[in-house]
Amino acid sequence: MQNAVTELMRISPLADELAKLFAKAGHSLYLVGGSVRDMMLRRLSSDLDFTTDARPDQVLKIVSAWGDAVWDVGIAFGTVGVTKQGMTLEITTFRADSYDRVGRNPEVTFGDSIEGDLLRRDFTVNAMAIDLANKTFVDPHDGLQALQDKVLDTPATPQESFADDPLRMLRAARFSAQLGFTAAPRVVDAMSSMAEEIDRITAERVQAELSKLLLADDPRPGIELLVDTRLADRVLPEVPGMRLAIDEHHQHKDVYQHSLTVLAQAIDLEKSHEPTSEPDLILRLAALLHDIGKPATREFQPGGGVSFHHHEVVGAKMARKRLRALKFSKEIVQDVSQLVFLHLRFHGYGKGEWTDSAVRRYVTDAGDLLPRLHKLVRADCTTRNRKKAAALQATYDDLERRIAAIQAQEDLDRVRPDLNGEEIMRILDLKPGPDVGKAWKHLKELRLDRGPLEHDEAVAELKKWAAENGIG
């Protein structure tokens, strides 16, 4: 514990400075919650959380002249924010809230003790504090032991905690993914029996927790906890729904397990290709959801085979519907559903039989998503047959080489018809309208099929098309 305090002072001398200001004003100040947990795990960030017996207006007085900037957006909930030397500090008055157990917003009540404040927190690993005045550790719920054992448990009973705020059940899954912790048996039992309580939480809050979970280094434990406790049935039912489908390669227990493997492999590719980039939520959602159309398209074949014809089409529609329901942005909804739609197309490549036209269409349809599509397709190879896996990867290597060669010659990222709209109108003597758009689309299709055309050739093709369609 003393080492932890020393680490805190080394990383953030501002905490000591701030504590002296509160002590001078006659108030206590504690580092609390996730900040203490992360400090113990040697992952303390520049965002620190504090709690105090001072009321919000008193906190404002103490920090107003000290901070580089002060804001009171959360003051109704007892929180005052401060920035100082590039760090963000949030200081919240002790809370002793009560809940109506209908929504999740508490009736804010300020408390008078650190013990009461810690009791209302979600998990024991987040219910630790450091008294900054005398550098003592406050741990009434054995959070330090839980941290050492990597166990998620609640200060109060899980039933009380989750009834107060059902979002804590999703946070349990998220912490399982982010920290590699295991939920205590009583927490798992409560999550299973109270899963329907998550319906009290808004889609926006659910989406935020799911996104944080998926952006963890290893989302799998969190997803499995959601599925095993039936919480996923309420918030992302398409994922447990995949357990109904047997993978056509018969190399995985089910499509659900296959999808978790694809997610893990996509994350590995993400880290190896862009090690300094932020985690890619769009790629991870696409990897998890790429086969959700399989249960709806499953057909049993004579001889015991199973097929999932057009599952990418059905899956793309399902992904779009679910992501919209979870209030994801339009960009994320569109990009994820398009990746799901495109993820199978490569399998028509065979041994390289695609024409240059087919390669152009692959690139053009993917657009800006092409780097993600590369990773998704490679991650989707989960066969345990090493020879087959190597052959698939080699085939995709060949496709990428062909894409690079054609891009170098034709600049596929900016494929346009060989004649622009003004030229089309001049040649066909048209005014702006639908016919110009149809002509433009026809010329783009020719560009994709045949590559760049000479100007005279493009004009001849345009006139031929116009004559065939009675235009101009």
Side-chain angles (χ1 to χ4, degrees), residues 8 12 14-39 45-84 87-133 138-141 143 154-156 160-168 171 200-202 204-205 208-209:
L8 169 67
S12 182
L14 288 178
D16 200 27
E17 185 179 329
L18 186 60
K20 290 176 181 177
L21 289 176
F22 274 78
K24 185 177 179 180
H27 296 289
S28 58
L29 185 71
Y30 298 81
L31 186 76
V32 72
S35 293
V36 177
R37 179 201 70 218
D38 289 345
M39 181 190 61
S45 72
S46 59
D47 295 347
L48 300 178
D49 294 326
F50 300 87
T51 190
T52 178
D53 61 334
R55 294 310 191 241
D57 57 337
Q58 295 170 319
V59 174
L60 278 173
K61 283 183 182 179
I62 295 170
V63 302
S64 58
W66 177 77
D68 296 333
V70 177
W71 67 94
D72 60 1
V73 174
I75 199 166
F77 296 96
T79 299
V80 174
V82 187
T83 56
K84 181 76 171 181
M87 300 193 73
T88 301
L89 319 175
E90 289 197 346
I91 306 162
T92 303
T93 300
F94 293 157
R95 298 267 292 271
D97 303 335
S98 60
Y99 293 79
D100 61 12
R101 300 191 174 181
V102 175
R104 70 174 293 265
N105 294 324
E107 179 182 338
V108 177
T109 305
F110 298 131
D112 297 306
S113 71
I114 183 64
E115 291 78 14
D117 182 88
L118 295 178
L119 178 63
R120 73 175 185 83
R121 293 180 179 265
D122 52 4
F123 300 105
T124 59
V125 294
N126 295 331
M128 301 180 285
I130 293 175
D131 186 338
L132 295 171
V138 183
D139 184 20
H141 305 289
T154 52
E160 291 177 279
S161 182
F162 299 156
D164 282 346
D165 184 359
L167 189 66
R168 290 170 174 171
R171 285 168 62 85
R200 291 161 44 192
I201 305 301
T202 65
E204 291 84 354
R205 298 305 298 268
E209 286 298 325

Going from [atom1] on [X] to [atom2] on [Y], what distance comes out if it is rounded to the nearest 0.5 angstrom?
X: Asp38; Y: Leu31; atom1: CG; atom2: CG; answer: 10.0 Å
X: Asp53; Y: Thr93; atom1: CG; atom2: OG1; answer: 8.5 Å
X: Leu119; Y: Ile114; atom1: CG; atom2: CD1; answer: 11.5 Å
X: Ile91; Y: Thr79; atom1: CD1; atom2: OG1; answer: 9.5 Å
X: Met87; Y: Asp47; atom1: CE; atom2: CG; answer: 8.0 Å
X: Ser28; Y: Phe22; atom1: OG; atom2: CZ; answer: 9.0 Å

So, [X] side chain and [Y] main chain: donor-acceptor pair closer than 3.5 Å or not?
X: Lys84; Y: Trp66; value: yes
X: Asp117; Y: Arg95; value: yes
X: Ser113; Y: Gly116; value: yes

For a quick check under 3.5 Å, do Asn126 and Arg121 share a side-chain donor-acceptor pair by atom type?
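No, no side-chain donor-acceptor contact under 3.5 Å.
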
**Message:** With side-chain contact (heavy atoms from CB on, under 4.5 Å) as the criterion, how do Leu132 and Ile130 come out once you've worked through the C-alpha distance, each side chain's angles and the decisive distance to 0.1 Å?
**Reply:** CA-CA 6 Å; Leu132 295 171; Ile130 293 175; 4.1 Å; yes

>> Whether Asp122 and Arg171 form a salt bridge (side-chain N of Lys/Arg under 4.0 Å from carboxylate O of Asp/Glu) is what I want to check.
In response: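 Salt bridge present between Arg171 and Asp122.
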
**Report entry** side-chain contact (heavy atoms from CB on, under 4.5 Å) evaluation trace for Met128 with His141
**Finding:** CA-CA 8 Å; Met128 301 180 285; His141 305 289; over 6 Å; no

Worked verdict on Thr83 versus Asp68 for side-chain hydrogen bond (donor to acceptor under 3.5 Å, both in side chains)
CA-CA 6 Å; Thr83 56; Asp68 296 333; 5.3 Å; no

Which heavy atom of [X] sits nearest to which heavy atom of [Y], and what is that distance?
X: Phe110; Y: Gly78; answer: CE2-CA, 3.6 Å
X: Leu118; Y: Pro140; answer: CD1-CD, 3.6 Å
X: Ala156; Y: Glu160; answer: CB-OE1, 3.9 Å

Note to self: Checking Val59 against Val82 for the side-chain contact (heavy atoms from CB on, under 4.5 Å) test, could you report, in this order, the C-alpha distance in whole Å, the side-chain angles of both residues, the deciding distance, and whether it holds?
What the structure shows: CA-CA 10 Å; Val59 174; Val82 187; over 6 Å; no

Is there a side-chain hydrogen bond (donor to acceptor under 3.5 Å, both in side chains) between Thr154 and Ser161? Walk through the geometry before answering.
CA-CA 7 Å; Thr154 52; Ser161 182; 5.3 Å; no

Side chains of [X] and [Y], heavy atoms from C-beta outward: is any pair under 4.5 Å?
X: Val80; Y: Val63; answer: yes
X: Ile62; Y: His27; answer: yes
X: Tyr30; Y: Val138; answer: yes
X: Asp57; Y: Lys61; answer: no
X: Leu60; Y: Ile75; answer: yes

- Query: So Asp112 and Arg55, salt bridge (Lys or Arg N to Asp or Glu O under 4.0 Å) or not? Walk me through it.
  - Reply: CA-CA 10 Å; Asp112 297 306; Arg55 294 310 191 241; 3.2 Å; yes

Exercise. Start with the C-alpha distance between Ile201 and Asp165, add both sets of side-chain angles, then the distance that settles side-chain contact (heavy atoms from CB on, under 4.5 Å), and finish with yes or no.
Key: CA-CA 9 Å; Ile201 305 301; Asp165 184 359; 4.1 Å; yes

